[in-house]
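Notes for the one structure printed next.
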Amino acid sequence: MSGEPQRTLLLWCPDWPVLAAEIVDGVPATDPVVVLHANRVIACSERARAEGIRRGLRRREAQGRCPHLTVVDHDPGRDVRAFEPVVAAVEEVVAGVEVIRPGACATAARGPSRYLGGEEAAAERIVEHVAQSCAVESQAGIADGVFAAGLAAREGRIVVPGGTREFLAARPVEALGRPALADLLRRLGVRTLGEFAALPAGDVLARFGFDGALAHRLAGGRDDRPLAVRQPPADLTVTADYDEPVDRVDAAAFAARMLAERLHERLAGYGLACTRLGIEAVTAHGQELHRVWRHDGLLTAAAIADRVRWQLDGWLSGSNGRGGTRPARPTAGIVRLRLVPDGVLAQAGLQPGLWGETGEERERAHRALSRVQGILGPEAVVTAVLGGGRSPADQVRLVPWGDERVPARPGPPPLPPAAASPSRAPVPAASPSPAASLVPGVGAAPGAASASVVVPAGGGARRRAGRGRAAPEPPWPGRIPPPSPAVVLPTPLPADVRDAAGEPVVVSARLAVSAAPARLTVGDGRPAEITGWAGPWPVDERWWAPAEARRRARFQVSLADGAALLLAVEGGQWLVEAIYD
């Protein structure tokens, strides 16, 4: 800790948490606004200070002083995201910027003062550029060391070289930013930084410890910590402008391949690979198009080109590739195309699998499937992703090969090994009570009831994880318990379920089954005897939207020929939804 403090220029944005809330969340900073953390005010707007609000007040006291106060919760991530454009604007003027905290950044003053015409001119230039680029008001201060420069920035002051000690001497000890130490110093009769700096360094270390000794050096103007400047992020985006608007798919495919190769070469130069690609286009009429493609792996140059071509094909031909409603085509051809690597990592940074996922066989299969996609489109090769949902059809999502494999709905917590094991006979013997049904455990034969899983009629299985202890409720009440059916029919088949007397089986609004199911007829087929059944599992979805409301109950049944089916009854109509293996 020797040497002279570095001449430092620090830029400070007053009330930054309040300003960040305005930038990100649209909260007007001109109104009385406070930012709370742990129920105390950590920042407030100018209007709020005019109402007598100060930092450290409790929420209720602040609202008592200003009833029409706007309260915002503290969000460090929001402060950092809003401050990033300010730091980028400073880096456009000077190099080597250190972010002290959201709302304050520092740089060495020597370089900017030399090529901008002095320290005062450098400070004015940076403040003016930030105001023009980001519409953010700021103040700059210059002194010897980061600590003194921060205090000088609050006054918009430039401390002359060598005058930092005198500048700090009259400041109160609270300026150290250590409330506990400041309170103790005041009780000891030390009220200013000058009085604190006059104490012997050895006695301060013995009484206040290492942090107190560091604060003692700051109070004496001996802040010789070098700036930890950040490395500006590399600009990895590639852009192409076209004099003639691109309105044909073949021309767009050629443009996509050229731009994809440029992007891949730029990433390779930094030792990076792309996992998430942003595609942006601007038409001749000023229409802006944007789409993000995610990939479960590293995007090669060919993979980037394929995705850009697919997206341009979808934009220019108005095709969505899924057989649904065709989106509107752009009103003019594309004059600008931009590729943004939204997610990057080191080329060797993708963790390989344990059992040969990155072997030669997988790579050969990947190349073959990617080739099929290149010829027929991304939807030509799809893989299934399991997720949450109440019905077996809702739990499976088909995603194109190579896309990020994320479920469409959150799934339940992992099952214990015994409960997750498959069973060849998922349906128990006849359950006479509609209030609760028993689902057999592992290896249970048809017709043998077991109480390993209890499913209330109101939905929501409660699994017994141990004696006297129950696992948490799954997040999908009414979900069919495992094992899952082997075949889910794309279109449910109409069925007829009758009791032993030949009367139709009816489920009331209170989930009361009129009689035990005895015979099942699917479509125009022959009746089959039902040897076991479980249910009902009720589902009442989107009741708040009458046009989309759906109410049904599901049953598991086993037949005399050994088959097991998943049935559903809705509006009095029985349907076969799935088949168990």
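Computed over heavy atoms, backbone and side chain alike; hydrogens, waters and symmetry mates excluded.
Counting heavy atoms from C-beta on, the side chains of Val576 and Leu567 come closer than 4.5 Å. Residues Thr283 and Val335 have side chains not in contact (no heavy-atom distance under 4.5 Å, counting atoms from C-beta outward). Residues Val72 and Leu36 have side chains not in contact (no heavy-atom distance under 4.5 Å, counting atoms from C-beta outward). Put simply, the side chain of Leu339 reaches to within 4.5 Å of the side chain of Leu277, judged on heavy atoms. Taking the side chain as every heavy atom from C-beta outward, Ser514 and Glu503 never approach each other to under 4.5 Å.
Residues Gly502 and Arg519 come closest through the heavy atom pair CA-NH2, 3.4 Å. Of all the heavy atoms in Pro102 and Asp79, the pair that sits closest is CB-CB, 3.7 Å. Of all the heavy atoms in Pro245 and Ala284, the pair that sits closest is CG-CB, 4.2 Å. When all heavy atoms are compared, the tightest approach of Ile304 to Ala260 is CG2-CB, 3.5 Å. Val505 approaches Ala515 most closely through the heavy-atom pair CG1-O, 3.5 Å. The nearest pair of heavy atoms linking Ala20 to Ala82 is CB-CB, 3.8 Å.
With sequence neighbours left out, the side-chain hydrogen bond (donor to acceptor under 3.5 Å, both in side chains) criterion links Glu22 to no other residue. The side-chain hydrogen bond (donor to acceptor under 3.5 Å, both in side chains) test applied to Arg338 returns Glu280, not counting sequence neighbours. Here His37 pairs with Ile42, His74 under the side chain to side chain contact (heavy atoms under 4.5 Å, CB included) rule; sequence neighbours left out. Every side chain to side chain contact (heavy atoms under 4.5 Å, CB included) that Asp241 has, sequence neighbours left out, goes to Thr239, Arg336. Under the side-chain hydrogen bond (donor to acceptor under 3.5 Å, both in side chains) criterion, Arg248 pairs with Asp250, sequence neighbours left out. When the side chain to side chain contact (heavy atoms under 4.5 Å, CB included) test is applied to Ala240, the partners found at least two apart in sequence or on another chain are Tyr242, Leu259, Arg262. Applying the salt bridge (Lys or Arg N to Asp or Glu O under 4.0 Å) criterion to Arg78, with sequence neighbours excluded, gives Asp25. Legend: residues meeting side chain to side chain contact (heavy atoms under 4.5 Å, CB included) with Ala281, ordered by chain and number and at least two apart, are Leu289, Trp315, Ile334, Leu337. Among residues two or more places apart in sequence or in another chain, the side-chain hydrogen bond (donor to acceptor under 3.5 Å, both in side chains) test is passed with Arg498 by Asp496.
Asp499 places a side-chain N or O within donor-acceptor distance of the main-chain N or O of Ala501, the cut-off being under 3.5 Å.
A distance of 6.5 Å separates CD1 in Ile279 from CG in Leu312, rounded to the nearest 0.5 Å. Residue Tyr580 holds its OH atom at 4.5 Å from CG of Leu566, rounded to the nearest 0.5 Å.
The salt bridge (Lys or Arg N to Asp or Glu O under 4.0 Å) contacts involving residues 551-574 comprise Asp540-Arg551, Arg552-Glu570, Arg552-Glu577, Arg554-Glu577, where partners must be two or more places apart or lie in separate chains.
Close placement of the Trp574 and Phe555 rings is indicated, their centers lying within 6.0 Å of each other.
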**Report entry** Step-by-step side-chain contact (heavy atoms from CB on, under 4.5 Å) determination, Thr383 to Leu398
**Finding:** CA-CA 5 Å; Thr383 57; Leu398 297 178; over 6 Å; no
Query raised in the report: For Val33 and Leu69, what are the C-alpha separation, side-chain angles and deciding distance, and is it a side-chain contact (heavy atoms from CB on, under 4.5 Å)?
Result: CA-CA 6 Å; Val33 180; Leu69 189 66; 5.9 Å; no
Can you give the donor-acceptor pairs under 3.5 Å from side chains of residues 520-530 to other protein atoms, not counting sequence neighbours?
none

